Amino acid sequence: MVKKEFSDFQKDALVELANIGSGNAATALSQLLGKDIKLSVPSINLVPVTKIVEKAKKTNEIVAAVYLRIFGEITARALIIFPKEKIFSMLDFVMKRKIGETKELGENEQSALKEIGNIIVSAYLNAIAKFIGLNSVPSVPALAIDMIEAIFETVSGEIAEMDEEALLIENDMIEETTKISTTLLIIPDKEAMIKIMEALDATIKGL
Amino acid sequence: MAENIRVNIGELKVMKGYFKLIAYGIGSCAVIVCYDKYVPVAGMLHAMLPEKKKGVNSNKFVDSGVENLIRELINLDVSINNIEAKIFGGATMFDTRLNAESIGERNIKKARETLFKKGIKIVGEDTGGDYGRTIEFDVFNKKAVVKSFAKGEKIV
């Protein structure tokens, strides 16, 4: 069972794990955009499933969200959130277009967004696999451009079918010149948490 | 002006008089409104999952939440014969191709089933699809304004 509170040591270890994952994810995003990406310190919170939606700070804010399930030795969910007003400039960079060229979200643009999500999450998982030896892969990515509460609410519903609470590992990345901010949430299943903690313990002992 | 009452995930609110019951950004959740068709009394349920788990009877679930909603209306002297319902939400926001039936679809199915068992007629709805909705239900005139990014605004 995951305890209500982590020890400081466990929390530090989780933050370190998230740092390693998001560092690799940011490198991947940086290569995709051809821009430098700044990372903030990951935040880790155990919250009841009905409170996940409180992550939405503004009501009815529209965002683009890519959602993936993660399977393998770690089972989890990943949600990547891009602010809607930055999607077009992000796609200009990724698709090597002139600035301002992307004006609509056609099929190509939508697949590009999904692919960005897939690449970021895969990079994250690869780094974790190297660090603690747990291998996992993401599912086919799904995309929604909609109200942020509706997105969080839907993901909470899926988690609520299994668990009463969720561990939110939040990683924020920002491209500073155009202020493209990307939030990556990794939400491991309860079972996966136990495996991660055990693997972290074993890794730290082996260092 | 009607006072706005926010109904968050897993909550049930029943109001009498000049109120607006509001649920923001509904994705796969189901929002079920039941009201007295003659007097301004209404309740809104914002449920997350279709069926209650063993021993848990809460407003997080469509089946137990609808039971609670109807009980609360009856406690306010509403006759069950005068209750009508409107249902909202139950979208499939993400097509992950992993499940035959999404949580949204199952939520709406359970809402229909539970209301049918109680003999309550569904007189309006805006359900399904792949987009989120904000629902503002006016307790006084029993109309809901449904707002979505994908489809704009409509009155149910």
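Lettering follows sequence order; numbering is per chain, from 1. Because the structure is predicted, anything quoted here is derived from the model rather than measured.
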> What is the minimum heavy-atom distance between A/Glu164 and B/Lys53, and which atoms define it?
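Closest pair (atom of A/Glu164, atom of B/Lys53, distance): OE2-NZ, 3.7 Å.
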> Please report the interatomic distance CD1(A/Ile151) to CE(B/Met93), rounded to the nearest 0.5 Å.
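Going from the CD1 atom of A/Ile151 to the CE atom of B/Met93 covers 5.0 Å.
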> Contact part of A/Ile52 toward chain B, heavy-atom cut-off under 4.5 Å: side chain, backbone, both or neither?
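Nothing of A/Ile52, per the 4.5 Å heavy-atom cut-off to chain B.
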> In terms of heavy-atom proximity below 4.5 Å to chain B, should A/Val49 be classed as side chain, backbone, both, or neither?
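A/Val49 touches chain B through backbone and side-chain heavy atoms alike.
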> Report the distance from atom OG1 of A/Thr154 to atom CG of B/Asp130, rounding to the nearest 0.5 Å.
11.0 Å
> Give the C-alpha distance, both sets of side-chain angles, the deciding distance and a yes or no for side chain to side chain contact (heavy atoms under 4.5 Å, CB included) between B/Arg106 and A/Glu161.
CA-CA 12 Å; B/Arg106 283 189 282 133; A/Glu161 283 212 292; 3.0 Å; yes
> If I measure from the heavy atoms of chain B, does A/Glu54 come under 4.5 Å with its side chain, its backbone, both, or neither?
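For A/Glu54, neither part sits under 4.5 Å from chain B.
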> Please flag which part of A/Leu68 lies under 4.5 Å from any non-hydrogen atom of chain B: side chain, backbone, both or neither.
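Neither part, no heavy atoms under 4.5 Å.
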> Heavy-atom count around A/Lys86 NZ within 6.0 Å, excluding the residue itself: above 12?
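It does: A/Lys86 NZ has more than 12 such atoms within range.
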> Can you tell me which portion of B/Lys60 sits under 4.5 Å from chain A's heavy atoms? Options are side chain, backbone, both or neither.
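The side chain, not the backbone.
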> What part of B/Ile103 gets closer than 4.5 Å to chain A, counting heavy atoms only: side chain, backbone, both or neither?
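Side chain of B/Ile103 only, per the 4.5 Å heavy-atom cut-off to chain A.
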> Of the non-hydrogen atoms in B/Phe94 and A/Val155, which two are nearest, and what is the gap between them?
CE1-CG2, 4.1 Å
> Would the number of heavy atoms belonging to other residues, nucleotides or ligands and lying under 6.0 Å from NZ of A/Lys96 be above 12?
yes
> Would you say B/Lys16 has more than 12 foreign heavy atoms packed within less than 6.0 Å of its NZ?
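At most 12 heavy atoms, drawn from other residues, nucleotides or ligands, come within 6.0 Å of this atom.
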> If you look at every heavy atom in B/Gly132 and A/Ala150, which pair is closest and at what distance?
CA-CB, 3.8 Å
> Is atom NZ of B/Lys37 surrounded by more than 12 heavy atoms (other residues, nucleotides or ligands) closer than 6.0 Å?
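It does: B/Lys37 NZ has more than 12 such atoms within range.
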> Would the number of heavy atoms belonging to other residues, nucleotides or ligands and lying under 6.0 Å from CG of A/Asn45 be above 12?
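Yes, the 6.0 Å shell around CG holds more than 12 heavy atoms from other groups.
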> So which residue, B/Asn107, B/Asn8, B/Thr134, B/Thr92, ends up with the most heavy-atom pairs under 4.5 Å with chain A?
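So the answer, after comparing B/Asn107, B/Asn8, B/Thr134, B/Thr92, is B/Thr134.
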> Tell me which of these, A/Glu153, A/Glu149, A/Met147, has more heavy-atom pairs under 4.5 Å with chain B than the rest.
A/Glu153
> Tell me whether A/Glu107 at atom CD has more than 12 heavy atoms from other residues, nucleotides or ligands lying less than 6.0 Å away.
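Counting other residues, nucleotides and ligands, CD of A/Glu107 stays at 12 neighbours or fewer.
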> Got a second to check how far B/Phe149's CZ is from A/Asp146's CG, nearest 0.5 Å?
7.5 Å
> I'd like to know whether CG of B/Asp77 has more than 12 heavy-atom contacts from other residues, nucleotides or ligands below 6.0 angstrom.
no
> Which of the residues A/Lys84, A/Lys51, A/Glu61 is involved in the greatest number of heavy-atom pairs with chain B at under 4.5 angstrom?
A/Lys84
